[in-house]
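See structure below.
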2 protein chains.
Amino acid sequence: MFFLKELPTRQMLEVYKKRFPDMKMDTVESALRLLRQASLLLRILDAYFTKHDLSQLRFLILVVLDREIDRDWLMASEVAARLDVSRPVMARTLKTLSDDKLLDFDEHDTDGRAKLIRLTSKGRWTLHEVLPGYYREIEQFMVSSQDGGTP
Amino acid sequence: MFFLKELPTRQMLEVYKKRFPDMKMDTVESALRLLRQASLLLRILDAYFTKHDLSQLRFLILVVLDREIDRDWLMASEVAARLDVSRPVMARTLKTLSDDKLLDFDEHDTDGRAKLIRLTSKGRWTLHEVLPGYYREIEQFMVSSQDGGTP
DNA sequence: GGATGATAGTTAGCATGATAACCAAATAGG
DNA sequence: CCTATTTGGTTATCATGCTAACTATCATCC
């Protein structure tokens, strides 16, 4: 997350520009705007997920499992490969999702190490219940920040 | 942070579009691109900060203290007000920064509750040492992701 | 001037991210 | 075949975010 409430803005960047003349003000400014925008949206989405007993990662795991077209399962390592998260975090989160009955573990036929992950019907149902509101939050945010947000 | 490595993309969004016709595909797609971009940049910056024994928040606290023009101190609550972070996290982080001698606490003359926060010279030095590389990382990222990143 | 409420900061406990180090199973190469 | 490496997953430990609930001080206002 990124936290600066009032972006550094011209004035401050000018000061640093004097000290570090190489800095490209416009580029830096738009990068900071990008980070600020994203962190605002992330807060909104996190709040939305929390209401539904989910989190970014929990939600994305469901999405990744649901969007698989040719199979109804993935190996844990495949889930991890599709999401940019460390393996221990993945393991822990899969465990809590399984505790909550949103997904099931199964054994691999031929690979004794692997675990197959499958959405339960509760998992699929939860995802489909959450998705419309997710899109709505995103759209509202994008509209409301059309002009830059703060007047 | 946002983690989807391969963005959902048209194909997947189309599927959801069928199920949730209200969804505005272009808006959602650009929001997801925003989140993805920001999380990539955040990773880069976090890695950079870690190298210098800093973090997003530790860095931003230094920035906020340094950019104050008319004073060389802020109350802890003022620092918190400029950064979008909860007070307990602020307190803890200020403590570790003080342990690392990057800033000092002082008492307020008239308000017995308040703490004055001041950059030490080590703090100011650290910040100025880190800033050029910080801008460089940002600029490199912005250039390299000009076209969307993945080929 | 004493109750009442607001503000500054801390403590306790939880969630969720990371690394390092580990075990067990599979694979590769001689 | 048998060692050596890679791969799948877990455990332990830490960092850093949060909320709820607390203390202490200040401000208000009757």
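Lettering follows sequence order; numbering is per chain, from 1.
Each of A/D84 and B/D111 was assigned the nucleotide of DNA chain C with the nearest heavy atom; the assignment lying further toward the 5' end belongs to B/D111.
The CD1 atom of B/I138 lies 5.5 Å from the CG atom of B/L45; values are rounded to the nearest 0.5 Å.
For B/L116 and C/dG9, the CG to P distance is 9 Å, given to the nearest whole Å. Distance, B/K51 NZ to C/dA18 P: 19 Å, rounded to whole Å. For the pair B/H108 NE2 and D/dC26 P, the interatomic distance rounds to 10 Å; values are reported in whole Å. Atom P of nucleotide D/dG9 and atom CD1 of A/I117 are separated by 7 Å, given to the nearest angstrom. Note: CZ (A/R113) to C1' (D/dT7) measures 5 Å, nearest angstrom. A straight line from CG of B/L97 to C1' of D/dT16 spans 13 Å, rounded to a whole angstrom. Across the protein-nucleic acid pair, A/K115 atom NZ and C/dA25 atom C1' stand 14 Å apart, rounded to whole Å. The distance from atom CG of A/L74 to atom C1' of D/dG8 is 15 Å, rounded to the nearest whole Å.
Tested against A/Y134 for a ring-ring contact (aromatic ring centres under 6.0 Å, His included), the candidates A/Y48, A/F49, A/F141 yield a single pass: A/F49.
Here B/R43 reaches the OP1 or OP2 of C/dA18: one of its side-chain N or O atoms lies under 4.0 Å away. Residue B/S77 has a polar side-chain atom (N or O) positioned under 4.0 Å from OP1 or OP2 of C/dG9.
For the pair A/S98 (side chain) and A/L94 (backbone), a donor-acceptor distance under 3.5 Å is absent. The backbone N or O of A/L74 lies less than 3.5 Å from no partner atom in the side chain of A/E68, so there is not a single donor-acceptor pair.
Near-neighbour residues of DNA chain D inside residues 85-96 of chain A, defined by a heavy atom below 4.0 Å, number-ordered: A/R87, A/P88, A/A91.
Relative orientation of the A/W73 and A/H108 rings is perpendicular, given thresholds of 30° and 60° on the angle between their planes.
Between B/H128 and B/D66, some side-chain heavy-atom pair lies under the 4.5 Å cut-off.
Taking the charged nitrogens against the carboxylate oxygens, A/R118 and A/D104 have no contact shorter than 4.0 Å, which rules out a salt bridge.
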